[in-house]
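Single-structure report; data block below.
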Amino acid sequence: MSNNTAININTITDELNSLHNELEKRIQGIQADLSRGRSQDSQEQAQETENDEVLHALAADARRELTEIANALSRIRNGTYGVCAGCGVAINADRLAAYPMAVHCIDCANP
Ligand SMILES: [Zn+2]
């Protein structure tokens, strides 16, 4: 494997799409958990409230990732995918393979 192989847009599109489906399923699971019945016991209710907060945070993370995926797919469509939004250089292929939603090159991401 070379260090900076050309990115394969088809592979990345497939990856983004499967990640998208995975996240949708995760959100559905979280929503199912959140709509479960509530305990009558006040101590258990406190625990449930705490769990719900965690679930809401997880759902928010998943939704944020879905937005990033949608943005990456639209950059693929308009031909700007893989170009750093900060400095305009091509983002390293290894970085895109590890994190296909990357908008910035490693230098701009870690100033
Ligand atoms: Zn950059």
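When reading the values below, keep in mind they use all heavy atoms of this one structure, side chains included, and skip hydrogens, waters and symmetry mates. Indexing begins at 1, ligand by ligand and atom by atom, following the structure's order.
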Point to revise | Minimum side-chain heavy-atom gap D52-T49 below 4.5 Å | key: no

Review point. Within a radius below 2.8 Å of the Zn ion (ligand 1), how many protein N, O or S atoms are present?
Key: 4

Study note, to complete from the structure: Sorted by chain and number, sequence neighbours left out, side-chain hydrogen bond (donor to acceptor under 3.5 Å, both in side chains) with E48 holds for none

Review point. Who passes side-chain hydrogen bond (donor to acceptor under 3.5 Å, both in side chains) against E15, sequence neighbours left out?
Key: none

Practice item. With sequence neighbours left out, write down each residue that passes side-chain hydrogen bond (donor to acceptor under 3.5 Å, both in side chains) with Q47, or none if nothing qualifies. Key: N51

**Study point:** Test log, rule side chain to side chain donor-acceptor pair (under 3.5 Å), inputs D41 and S39
**Key:** CA-CA 5 Å; D41 180 272; S39 171; 5.1 Å; no

Review point. Can you find a pair of side-chain heavy atoms, one from R64 and one from L23, that are under 4.5 Å apart?
Key: no

